Structures are given as C-alpha cells and as structure tokens.
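Throughout, numbering of the chain's residues begins at 1 and tracks the sequence. Because the structure is predicted, anything quoted here is derived from the model rather than measured. These numbers come from the heavy atoms of this one structure, side chains and all, not from hydrogens, waters or symmetry mates.
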Amino acid sequence: MNVKWARATFILTFIFAIVTCLIHFYKADFINLTVCTVAIHMLSSPKDVKPTQFRYLVAGTILSFVYDILWLLLRGPDMVGDDEEDGGMEASIRKFSLFMTIIGMVFKVIMTFVYWMASMRFEDIIDERSALL
C-alpha cells in the first residue's frame with residue numbers, strides 16, 4: 001500500500017488542530033496548538049525544513065501526552081462531578097472538554113506515528129507537496 005504521507009500528515013494535522021481547539025473550552029492545551037501550527041508551517045514549506053525537525057514534533061506530542069496524563073490524574077475527578085454553584089452550564093463544558101481530552105490523547109498516539117513517518121519519508125513529502133501545489 002502506497003501512503004501519500006504529505007496529504008495524510010496535512011489532513012491529520014488539521015483534524016488534530018480542530019480537536020485541540022475543542023479541548024480549549026475548559027483546558028489550556030497550548031503545547032498541542034504549538035505542535036499543530038509548527039507542523040502546518042513545516043508542511044507548507046518543506047524545502048526550508050530538515051527531516052530531523054519532524055522529530056521535534058514527535059517529542060512535543062509525547063510531552064503533551066505526559067502533560068495530559070498528569071492533568072487527568074490531578075483534575076479528572078473534579079471534571080466528572082457536578083458543581084451546584086456553577087448552575088449546571090459549566091459542568092457540561094467540563095465534561096465535553098474531558099471527553100475531547102480523551103479523544104485527543106488517542107489522537108496523539110496516531111500523530112506521534114504520523115510525524116515519525118513524515119520524518120522517515122521526508123523525500124516523499126517534498127515530492128508530494130510539489131505535486132499538490
């Protein structure tokens with residue numbers, strides 16, 4: 001199977017950015033947002049990028065995964081319960097953000113693999129980007 005890594009990395013990065021924005025309703029998640037914007041920049045101009053720089057995206061994604069685990073351990077139990085003082089509206093936002101954080105964690109595992117493969121097949125990305133533009 002011949003995977004088009006430039007297109008797959010671009011599409012998955014945009015989906016990752018949308019999931020990250022949905023997490024931001026309650027939880028600050030700027031590591032992921034930084035990884036997404038740097039990845040979009042690197043994919044937009046691959047001639048200015050070295051293949052090893054995609055591995056920094058892998059490191060940022062892993063760092064963010066560890067941050068999410070710590071955040072869930074510290075704040076997760078508070079997110080599930082209803083707080084009588086907030087009127088009920090904030091509880092639904094907290095639960096939505098918690099749900100999106102879990103989806104984001106699953107997506108981070110996928111993105112770690114995608115960014116690693118992008119670093120390994122960087123020549124294909126340069127060739128595909130020139131064909132896409």
Side-chain angles (χ1 to χ4, degrees):
M1 183 168 81
N2 190 10
V3 177
K4 298 186 182 233
W5 285 107
R7 180 170 289 176
T9 307
F10 234 8
I11 291 170
L12 289 173
T13 299
F14 276 117
I15 293 170
F16 188 40
I18 290 169
V19 168
T20 300
C21 289
L22 291 174
I23 291 170
H24 276 242
F25 280 117
Y26 194 78
K27 174 185 176 262
D29 196 10
F30 294 105
I31 297 173
N32 285 335
L33 200 56
T34 303
V35 167
C36 290
T37 55
V38 169
I40 290 170
H41 172 69
M42 289 169 62
L43 289 167
S44 297
S45 56
K47 300 223 185 259
D48 301 332
V49 178
K50 296 176 185 167
T52 56
Q53 290 174 331
F54 271 97
R55 295 193 181 137
Y56 296 135
L57 298 176
V58 173
T61 306
I62 292 170
L63 175 71
S64 176
F65 188 81
V66 171
Y67 170 72
D68 281 348
I69 289 173
L70 290 174
W71 186 83
L72 283 173
L73 289 174
L74 296 174
R75 298 286 307 221
D78 298 338
M79 301 284 284
V80 177
D82 290 336
D83 190 8
E84 296 293 328
E85 296 176 7
D86 66 10
M89 180 56 98
E90 191 174 330
S92 61
I93 293 172
R94 282 194 313 250
K95 288 178 185 176
F96 176 76
S97 183
L98 177 66
F99 177 70
M100 291 309 294
T101 300
I102 293 169
I103 289 175
M105 288 180 69
V106 171
F107 212 78
K108 286 175 195 175
V109 174
I110 296 168
M111 292 309 295
T112 301
F113 173 73
V114 168
Y115 290 145
W116 183 264
M117 288 305 294
S119 73
M120 299 299 284
R121 310 241 180 189
F122 190 70
E123 296 81 23
D124 296 341
I125 288 179
I126 291 176
D127 293 342
E128 289 177 37
R129 286 302 302 152
S130 62
L132 289 174
L133 298 174

Can you give me every donor-acceptor pair (side chain of residues 56-65, partner residue at least two apart or in another chain, under 3.5 Å) with its distance?
residue, atom, partner, partner atom, Å
Thr61, OG1, Leu57, O, 2.7
Ser64, OG, Asn32, OD1, 2.7
Ser64, OG, Asn32, ND2, 3.2
Ser64, OG, Lys108, NZ, 2.9

Side-chain donor-acceptor pairs under 3.5 Å in residues 15-25, sequence neighbours left out?
residue, atom, partner, partner atom, Å
Thr20, OG1, Phe16, O, 2.8
His24, NE2, Asp29, O, 3.1

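Of all heavy-atom pairs between Met120 and Arg55, the closest is SD-NH2, 3.2 Å. In terms of heavy atoms, Val35 sits closest to Tyr115 at CG1-CE1, 3.9 Å.
Linking ILVMFWY residues whenever their side-chain heavy atoms come closer than 4.5 Å, directly or via other members, leaves Met42 and Leu33 in distinct clusters.
Under the 4.5 Å side-chain criterion, counting only non-hydrogen atoms from C-beta, Val109 is not in contact with Met105. No side-chain heavy atom of Phe14 sits less than 4.5 Å from a side-chain heavy atom of Cys36. Side-chain contact between Leu98 and Leu72 is present, with heavy atoms from C-beta onward closer than 4.5 Å.
Few gaps surround OH on Tyr67; more than 12 heavy atoms of other groups in view lie less than 6.0 Å from it.
Thr101 contributes atom OG1, which lies 10.5 Å from atom CZ of Phe99 (distance to the nearest 0.5 angstrom).
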